[in-house]
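Just so it is clear, the model here is predicted, and its values are computed rather than measured.
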Amino acid sequence: MRVNLCSISFRHELVSFRELARYALSAGFDGIELWGVHARSLNLQWRDRLRELVRDVRESGMSIAMMSDYVEFMGDEPFEEEWREKVRTARAFGTDKLRIFAGRRGSRSFGEEDWSVCASRLRELCRIAAEDEVYTVVETHPDTAADSLASTLRLLKEVDHPALRLNLDFLHLWEAGDDPLRAYEQLEPYVLNYHFKNVSSRERLPVFSPANIYSPNGSREGIVPLAEGELSYSPIVRKLAENPTDRPVSIEWFGPDPFEAVRKELEWLKRTEREVNQPKEGANVR
């Protein structure tokens with residue numbers, strides 16, 4: 001299983017990208033999921049030396065696995081040029097995966113016209129990104145058109161574009177009331193990346209709302225390690241181990257002390273994967 005570090009976990013830390021890449025490599029991560037805010041900042045700071053920066057990161061053994069950003073495509077303002085710039089930025093960092101949210105409204109508020117507009121505009125995003133061989137990766141996330149298994153399946157069907165893929169966030173589908181393993185079985189053909197994070201109880205799920213989680217003064221109550229939350233990740237790891245692919249997992253940590261926290265999360269994930277892959281006592285191993 002390949003595992004990525006999310007640069008968003010370090011959004012309130014004073015650390016350079018080179019330092020972060022060195023840390024990720026030393027901790028045992030395979031790549032970095034680069035937050036769009038960080039990507040734009042780096043693009044500005046390294047304007048003439050960005051290719052050198054990306055080359056150095058690759059030669060160190062790391063890669064930019066995905067760029068995670070946002071684009072408002074359901075409003076009245078044009079979005080095409082903004083999207084093209086994000087696609088160019090993703091390519092500049094050497095990734096062919098650009099993650100977004102499917103709007104800012106929950107699917108239950110959608111009428112037929114809303115679905116038609118959403119599908120049409122998301123299809124246009126896919127068309128533009130595909131021109132540069134970039135996948136448009138929609139995350140399963142609350143208050144979007146992909147906020148449940150049913151809505152995500154409908155979105156995939158209505159957009160019907162080969163460059164549309166998914167970032168499957170198991171916690172958010174569980175939040176919607178879906179069985180994570182059943183969701184995985186139905187969505188797996190479309191998935192390019194997985195997000196892993198956990199919460200102490202369902203009552204604490206609002207901690208992940210964007211208005212709270214992006215604020216340096218927001219609450220972090222309820223954010224817990226993968227092994228300690230209400231969602232059990234061991235069956236999920238087992239399912240992924242049974243069907244190994246090159247689709248990576250990104251550890252998404254929003255709590256305190258990210259350097260220590262993500263290292264421990266990676267250790268737990270690798271240990272759990274080894275335990276799952278070990279043959280059972282008495283098994284016939286050839």
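Under the ring-ring contact (aromatic ring centres under 6.0 Å, His included) criterion, the residue pairs touching residues 231-274 are Phe10-Phe259, Tyr23-Phe259, Phe196-Tyr233, with sequence neighbours excluded. Pairs passing the salt bridge (Lys or Arg N to Asp or Glu O under 4.0 Å) check and including a residue from residues 183-203, sequence neighbours excluded, read Asp169-Lys197, Glu185-Lys239, Glu188-Arg247, Lys197-Glu252. Applying the salt bridge (Lys or Arg N to Asp or Glu O under 4.0 Å) rule to pairs touching residues 144-161 yields Glu112-Arg154, Arg154-Glu158, sequence neighbours excluded. The salt bridge (Lys or Arg N to Asp or Glu O under 4.0 Å) analysis of residues 217-238, with sequence neighbours excluded, yields no pairs. A salt bridge (Lys or Arg N to Asp or Glu O under 4.0 Å) check over residues 13-30, counting only residues at least two apart or in different chains, returns the pairs Arg18-Asp56.
Asp178 places no side-chain N or O within donor-acceptor distance of the main-chain N or O of Ser148, the cut-off being under 3.5 Å. Side-chain atoms of Trp174 do not come within 3.5 Å of backbone N or O of Pro180 as any donor-acceptor pair. For Arg263 (side chain) and Pro258 (main-chain N/O), no donor-acceptor pair under 3.5 Å exists by modelled atom type. Distance alone, capped at 3.5 Å, places no donor-acceptor pair between the Arg51 side chain and the Asp48 backbone. Ser7 places a side-chain N or O within 3.5 Å of a backbone atom of Trp35 that can act as its donor or acceptor partner. Side chain of Ser120 to main chain of Ser116: no donor-acceptor pair is present (N/O by atom type, distance under 3.5 Å, no hydrogens or angles). In this structure, the side chain of Glu265 engages the main chain of Leu226 through a donor-acceptor pair within 3.5 Å. Of the possible donor and acceptor atoms, one in the side chain of Arg11 sits under 3.5 Å from a partner among the backbone N and O of Ile8. Judged by distance alone, with hydrogens and angles left aside, the side-chain atoms of Ser215 form no donor-acceptor pair with the main-chain N or O of Asn212 at under 3.5 Å. Panel note: side chain Asn198, backbone Leu231; a donor-acceptor pair is recorded below 3.5 Å.
Transitive grouping of hydrophobic side chains (ILVMFWY, heavy atoms separated by less than 4.5 Å) keeps Ile236 and Val224 in distinct clusters. Under a hydrophobic-cluster definition in which Ile, Leu, Val, Met, Phe, Trp and Tyr are linked whenever side-chain heavy atoms come within less than 4.5 Å, directly or via other members, Leu164 and Leu187 are assigned to the same cluster. Residues Tyr194 and Leu173 fall within the same hydrophobic cluster, defined by Ile, Leu, Val, Met, Phe, Trp and Tyr side chains chained together at heavy-atom separations under 4.5 Å. Residues Val87 and Leu122 are members of one and the same hydrophobic cluster, defined by side-chain heavy-atom contacts under 4.5 angstrom among Ile, Leu, Val, Met, Phe, Trp and Tyr. In terms of hydrophobic clustering, with Ile, Leu, Val, Met, Phe, Trp and Tyr side chains grouped at heavy-atom distances under 4.5 Å, Leu192 and Leu240 are assigned to different clusters.
The CG atom of Leu20 lies 9.0 Å from the CG atom of Leu34; values are rounded to the nearest 0.5 Å. Separating the CG atom in Leu166 from the NE2 atom in His195 is a distance of 12.5 Å, to the nearest 0.5 Å. Interatomic distance, Asp96 CG to Ile64 CD1, rounded to the nearest 0.5 Å: 12.5 Å. Interatomic distance, CG of Leu125 versus CD1 of Ile100, reported as 5.0 Å (0.5 Å rounding). Considering OG of Ser68 and CG of Asn167, their distance stands at 6.5 Å, rounded to 0.5 Å. Separation of atoms CG (Leu149) and OG (Ser151) is listed at 8.0 Å; rounding is to 0.5 Å.
Contact of the Arg2 side chain with the Asp246 side chain is registered, since non-hydrogen atoms from C-beta on lie closer than 4.5 Å. Side-chain atoms of Asn4 and Met66, non-hydrogen and from C-beta on, never get closer than 4.5 Å to each other. Using a 4.5 Å cut-off on side-chain heavy atoms (C-beta onward), Pro235 and Leu181 make contact. Ser63 has its side chain out of reach of Val57: every pair of non-hydrogen atoms, C-beta onward, lies at least 4.5 Å apart. Side-chain contact between Pro142 and Glu175: present, with at least one pair of heavy atoms (C-beta onward) separated by less than 4.5 Å. With a 4.5 Å cut-off on side-chain heavy atoms, Ile213 and Phe208 count as touching. At least one side-chain heavy atom of Leu53 sits under 4.5 Å from a side-chain heavy atom of Phe17. Side-chain contact check for Ile223 versus Val199: every heavy-atom pair is 4.5 Å or farther apart.
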Quiz item: Do Met1 and Val237 pass the side chain to side chain contact (heavy atoms under 4.5 Å, CB included) test, and can you show the C-alpha distance, the side-chain angles, and the key distance before you say yes or no?
Solution: CA-CA 9 Å; Met1 180 184 298; Val237 174; 4.2 Å; yes

Exercise. May I have the step-by-step check of side chain to side chain contact (heavy atoms under 4.5 Å, CB included) for Tyr190 and Leu168, ending in yes or no?
Key: CA-CA 9 Å; Tyr190 305 97; Leu168 198 165; over 6 Å; no

Practice problem: Could you go through the salt bridge (Lys or Arg N to Asp or Glu O under 4.0 Å) check for Asp69 and Lys86 one step at a time? | Solution: CA-CA 8 Å; Asp69 214 329; Lys86 293 179 188 296; 3.3 Å; yes

Quiz item: Does the pair Met62 and Ile32 meet the rule for a side chain to side chain contact (heavy atoms under 4.5 Å, CB included), with working shown?
Solution: CA-CA 7 Å; Met62 300 296 296; Ile32 294 174; 4.0 Å; yes

Quiz prompt | Arg91 and Val134: CA distance, side-chain angles, deciding distance, side chain to side chain contact (heavy atoms under 4.5 Å, CB included) verdict | solution = CA-CA 8 Å; Arg91 292 307 299 173; Val134 170; 3.1 Å; yes

Extract all donor-acceptor atom pairs below 3.5 Å that involve side chains of residues 71-80 and protein atoms in other chains or at least two apart in sequence.
from	atom 1	to	atom 2	distance (Å)
Glu72	OE1	Arg104	NE	3.2
Glu72	OE2	Met74	N	2.9
Glu72	OE2	Gly75	N	3.4

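Between Val138 and Ala102, the closest heavy-atom pair is CG1-CB, 3.9 Å. Nearest heavy-atom pair across Leu155 and Cys118 is CD1-SG, 3.9 Å. When all heavy atoms of Ala130 and His161 are compared, the pair lying nearest together is CB-CE1, 4.3 Å. Of all heavy-atom pairs between Ala241 and Val276, the closest is CB-CG1, 3.8 Å. Taking each heavy atom of Ala27 and Leu266 in turn, the nearest pair found is O-CD2, 3.2 Å. Between Ala39 and Met67 the shortest heavy-atom distance is CB-SD, 3.8 Å.
Side-chain atoms of Ser250 and Asn193 form a donor-acceptor pair, as typed in the model, at a separation below 3.5 Å. No side-chain N or O of Tyr184 forms a donor-acceptor pair with one of Asp179 less than 3.5 Å apart. Using a 3.5 Å distance cut-off with no hydrogens or angles, the side chains of Ser109 and Arg105 do pair a donor with an acceptor.
A salt bridge links Arg127 with Glu124: at least one charged nitrogen is closer than 4.0 Å to a carboxylate oxygen.
Exactly one residue among Leu44, Asn43, Thr89 makes a side-chain contact (heavy atoms from CB on, under 4.5 Å) with Leu50. That residue is Asn43.
A 6.0 Å sphere centred on CD of Glu260 holds more than 12 heavy atoms belonging to other residues, nucleotides or ligands. Enclosure of atom CD in Glu113 is not indicated, since only 12 or fewer non-hydrogen atoms of other residues, nucleotides or ligands lie within 6.0 angstrom.
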